[in-house]
Every structure is written in C-alpha cells, then in structure tokens.
Asker: 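Pasting a structure below so you can have a look.
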2 protein chains.
Amino acid sequence: MYRSQVQCDTCSNNLCLIKKSLISDEDKRLSQQKVNLNCKKGQQFIMEGTPVSGLFFIYKGKAKVLKTGIYGKEQILRLVKNGETIGHRGFGTKKKYGISSVALEDSILCNFSNETLELMMKKIPKLTYELMLFYADELNRSETKVKTLAQMTVREKVIDALLFIHRKFGTNHKGCINIQLSRQEIADYSGTTVEQVIRTISSLKSEGLLTCVGKTISINNQGQLKNEISEHNFYLDQ
Amino acid sequence: MYRSQVQCDTCSNNLCLIKKSLISDEDKRLSQQKVNLNCKKGQQFIMEGTPVSGLFFIYKGKAKVLKTGIYGKEQILRLVKNGETIGHRGFGTKKKYGISSVALEDSILCNFSNETLELMMKKIPKLTYELMLFYADELNRSETKVKTLAQMTVREKVIDALLFIHRKFGTNHKGCINIQLSRQEIADYSGTTVEQVIRTISSLKSEGLLTCVGKTISINNQGQLKNEISEHNFYLDQ
DNA sequence: CGCCTATTTGAACCGGGTCAAGCATTGTGG
DNA sequence: CCACAATGCTTGACCCGGTTCAAATAGGCG
C-alpha cells in the first residue's frame, strides 16, 4: 500500500461526491489534504471493528464491502467501483467501522481523514447535502436487500445478484460482464452457499439464459431473468 | 386523519432532528410550516410507490416501516417511536416512497412537505448534517439486519427481534415490554413465519427465559438470550 | 352470545444447506 | 517447463430446519 497523489481537479470521476461539491478555489485547496493509497487485489483496507479513519473513495478499481459473520461467513453488502464512496460514517458517535472492505482488483483509493472531512463539511454545505443523499440512497438499497434476502428463493437471489452486477459493471464488446467474481463471492452477495450458486448458474446455462466460461459471465436473456424476479421489484430499480 | 397544531418550541421530543436543529427565531418560524396528523392504530400513512410528500416525525405514538413483498408478505424494516423520523429521502431524484408505514397505536405525526424541508435545509446547515447522521446510522442498522437475516437461524432471529424491542421500547414497572406486537408482526420483523415465532416463544417460555401473556412479553434472562446471539454481534450494538 | 380473528400445536413436505468426491485451473518451486 | 500442490469449481446424495397446510383452541368485539 504505497502512496501517490491524485488531484481532484483533474480527476475524471465526475460522480464522486467530493469532486461534485468542490466549487471555490479554497474548496479545492482543502481537498488536497486527501491521501492516495494503492491497493492490490485481495487487500483489505477497512477492517470491521477498527477505529474509523475517515472516508474512502475509489479513484480507480473495484471493491467489496462486507460484514464477517459467524464462523467467518461473509455477507457482501455492496460492490463499489470508480468514483464511489466507502466508509460509513467516520464522524459523530460511531468510533469503529461496522464493515470491512477488500479490493477486488488492483485499485487506487482516496482517503479523507476524519478531521479533513469535518473541516470540509463545515465549509462546504453542498458536500454535507451530497453525503446525505448518498446515505439516503444507500439506505434504500440496503432495505431492498433486506426484503430480497428475507423473501426470495435461492434461484431468485442468484438471478438478482447477476442482474445487479450486469447493471452495475456493464459489459465489454463481447457482452461479458465487466467484473470477475468467484462463485463464493456471488454466494456471499446472494446470501446463500457456493453449491447453490453453481447449481443455479448451471441451470441458467442449460436453459440458455446465460453463457459463462470460468468467471466470465454474459447474460443472454435479460428480459426473462428480470421477469422471474419482477414480483419482488414493484417500485424499486436498485 | 384530522389535523391540529403542535409547536416545535414546546415539544418534548428533544431527540427530534428538527427540534435539535432549530436555533434562530427564523428557524423556529420556518418549522411552523409543518402539518400535524392524527393517525389511528392500523392506519397507513405512507404507501410504497406513491409520490413522496415530505418527511414524517412521530410526535407521539409508534409505527412500523415495511416493504410489501410477493403475495403480500410484509417485511418490517424498522419500528419507530416518539421523536423519530420516517420517510426516506423525500427530496433529490427519488420521487416515490420505497416503503410503507403504518401506525401501531393511535399516533400524532408531524409532516414537513418537500418544499418546507428543502427551504429549511438551505437555511439550516445543522439540519442537513443531522439528517446525514441519521441516514448513516440507519444504514448501519440496516446492513446489520442484512447480515442477521442472511446468517441467523430462526430461533436466533426471533431472540434478536425480542431483545431489540425490549431495548428500544423499554419495560413498564412489571418488566413487560412497552409495545404490543402480534405474532405476525414479530414474524414480519424477524423474516420468518408466524408458526416459527410461536414455536420459538413457546420454547423460550418453557426454558424460563421469558414470560408472556397474550401480546405482553417480559424477558427474564436477558443475559442468556444475548449470549445465544453473541457470535453474530461482535462490533455492533444496533 | 356468536362471529371473526389471532394463537397454538401437530404433521407432512421440500428447499436448501452440508458433506463428500471428482475434476479443472492456477500457481509454485524444483 | 513440467510436476505437484493448492485452490476453486462442479455434481450427486443426504438430511435437517423451516415453511406450509390443517385443525383445534382461545381471545376480542359488536
């Protein structure tokens, strides 16, 4: 995990909450107090239970956000990519991270310390507002996930997970989803076991709904897959 | 659902985000644009999928926040009491409620319209900040619930639910939990079925860990119950 | 009192988690 | 560059927890 400096000014992640909120030159000067981290695939940069050290943003790369449960069983809560935010609430009462985060590929992170962030929020109301919208949005997603886990069958959960990563990470020119997850990771996201994920994917393959070679998956019939879980998604698009 | 006017000035809910954020006289004047609603037990005051009409606060009473799933199966996401907030993100991009909310007893609500709220947030940075903290906190809770639902057994989920309502709503002088939930509602919160809730409660009764008469429950051995689910709750207290 | 709903208990069934074994793929060191 | 270990993927078989169905009982309310 070595360091290098990326400038918000020249950053291409226009959806980044910080970038979006920097208006005055003073704002931009403040933003330079951030620290950049290079993080290799598989590396854990947030550990549940350790003291909060500010907010992270993905400058480039992908990561998973998870909670570790009983007997080390992981529950993946979110998947994040360029421009997105990690590190729930590094200020206020909570002093410890409630989640862990691990890089899914070699990534570059931006880290704003608690102090810098508080300073920035005081000076930049728009940033506080953007953060609020971010958390509200995440809350919506999380609550949808609660329902999903409680009510869907395994097949539906796996389909939901595959459609989600398809939507979130997009596809390359061959139609393959732009992220490589292990079967275990898909299981950890879906809230089931590796074997069930494999069985479901096998079925979907033999039904012609998707194609996959190793970890590379492409969805053939998005419509029908969506249809299978449509009863669960009346009002939300995740 | 008839109307009457409660003043923030004289309100006793000191934890209310609005109340906490009102500093200047102008702030207080703004807060008078809210509307009060009287709501009977069982009445639904937010319906999933309908246009957002601002943020609600419980002035007095209790309510459940839920999502309706396939075949009408409910998933209760939160339980709220005096001073607490309902109505996720009535501003920004989302135009429809992603949740429903129903009064659990006769309640008085405060409702701030989208316009009033936006005006207030612009004028009162502390309010935006408080809202952000609120959503961040809720996100933590929700993500813990995701793990809970995905990893706990039915018995553990029911215990978790009972300990939660015990903690949240407290007990009266006889040690009985200050809220009356149907078995169905406990099931909807725990993410299981009525029968399982009943079976679990029966077991816990015969093990002497709790006592109950009808919907009135009191917990006898909180320590042992906590102990049963301790492996799942290393870092969070909900 | 009688209807309706909520609660409780028993029994049957089944989805999905667990275990085990074989195969494929990747990686590492000689 | 190959051999072999380690890890990940896949499939089949089994079994258990939990949902579903049914029926009986208790409780609430006009």
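Proteins get letters first, then strands, A, B, ... in listed order; numbering begins at 1 in each.
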Asker: Using the side-chain heavy atoms of A:Gln196, tell me which of these nucleotides is nearest: C:dT7, C:dG16, D:dT11.
Answerer: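 The nucleotide sitting nearest to the side chain is C:dG16.
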Asker: In this structure, how many angstroms lie between the P atom of D:dT20 and the CD atom of A:Gln151, rounded?
Answerer: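 So the CD-P distance, A:Gln151 to D:dT20, works out to 11 Å.
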Asker: Would you mind classifying the nucleic acid contact of A:Lys215 as base, sugar-phosphate or nothing, using non-hydrogen atoms under 4.0 angstrom?
Answerer: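 If one applies the 4.0 Å heavy-atom cut-off, A:Lys215 turns out to touch the sugar-phosphate alone, with no base involved.
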Asker: Rounded to whole Å, how long is the line connecting atom CD of B:Glu156 with atom C1' of D:dG18?
Answerer: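 Rounded to the whole Å, the gap is 14 Å.
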Asker: Tell me: CD1 of B:Ile198 to C1' of D:dT20, nearest whole Å?
Answerer: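 Atom CD1 in B:Ile198 sits about 14 Å away from atom C1' in D:dT20.
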Asker: Is there side-chain contact between B:Phe134 and A:Tyr135, with at least one heavy-atom pair below 4.5 Å?
Answerer: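 No. Closest side-chain heavy atoms not under 4.5 Å.
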Asker: Taking atom OG1 of B:Thr200 and atom NZ of B:Lys205, what is their separation to the nearest 0.5 Å?
Answerer: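 Reported value, rounded in 0.5 Å steps: 12.5 Å.
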Asker: OP1 or OP2 of C:dG17 versus the side-chain N and O atoms of A:Thr193: is any pair under 4.0 Å?
Answerer: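 A:Thr193 to C:dG17 OP1/OP2: side-chain N or O found under 4.0 Å.
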Asker: Expressed as a whole number of angstroms, how long is the span from A:Ile201:CD1 to D:dG8:P?
Answerer: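 One finds 16 Å between P of D:dG8 and CD1 of A:Ile201, rounded.
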Asker: With respect to the phosphate group of C:dT8, does any side-chain polar atom (N or O) of B:Arg199 fall under 4.0 Å of OP1 or OP2?
Answerer: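 Answer no for this pair, as no side-chain N or O of B:Arg199 is under 4.0 Å from OP1 or OP2.
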Asker: CZ of B:Arg183 versus P of C:dT5: gap in Å, rounded?
Answerer: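 Those two atoms, CZ and P, are 19 Å apart.
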Asker: Could you check whether A:Glu84 pairs with A:Lys62 (Lys NZ or Arg NE/NH1/NH2 to Asp/Glu carboxylate O, under 4.0 Å)?
Answerer: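 No, A:Glu84 and A:Lys62 are not salt-bridged.
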Asker: Just how far, in rounded Å, is C1' of D:dA23 from CD of B:Glu195?
Answerer: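 To the nearest whole Å, that distance equals 12 Å.
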Asker: So how far is it from B:Phe164 CZ to B:Tyr189 OH, rounded to the nearest 0.5 Å?
Answerer: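 Atom-to-atom, B:Phe164:CZ and B:Tyr189:OH are 3.5 Å apart.
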Asker: In whole angstrom, give the distance that lies between atom CD1 of B:Ile186 and atom C1' of C:dA6.
Answerer: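 Rounding to the nearest Å, CD1 of B:Ile186 and C1' of C:dA6 are 12 Å apart.
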Asker: Rounded to the nearest angstrom, tell me the gap between atom CZ in B:Arg155 and atom P in D:dC16.
Answerer: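 Rounding to the nearest Å, CZ of B:Arg155 and P of D:dC16 are 19 Å apart.
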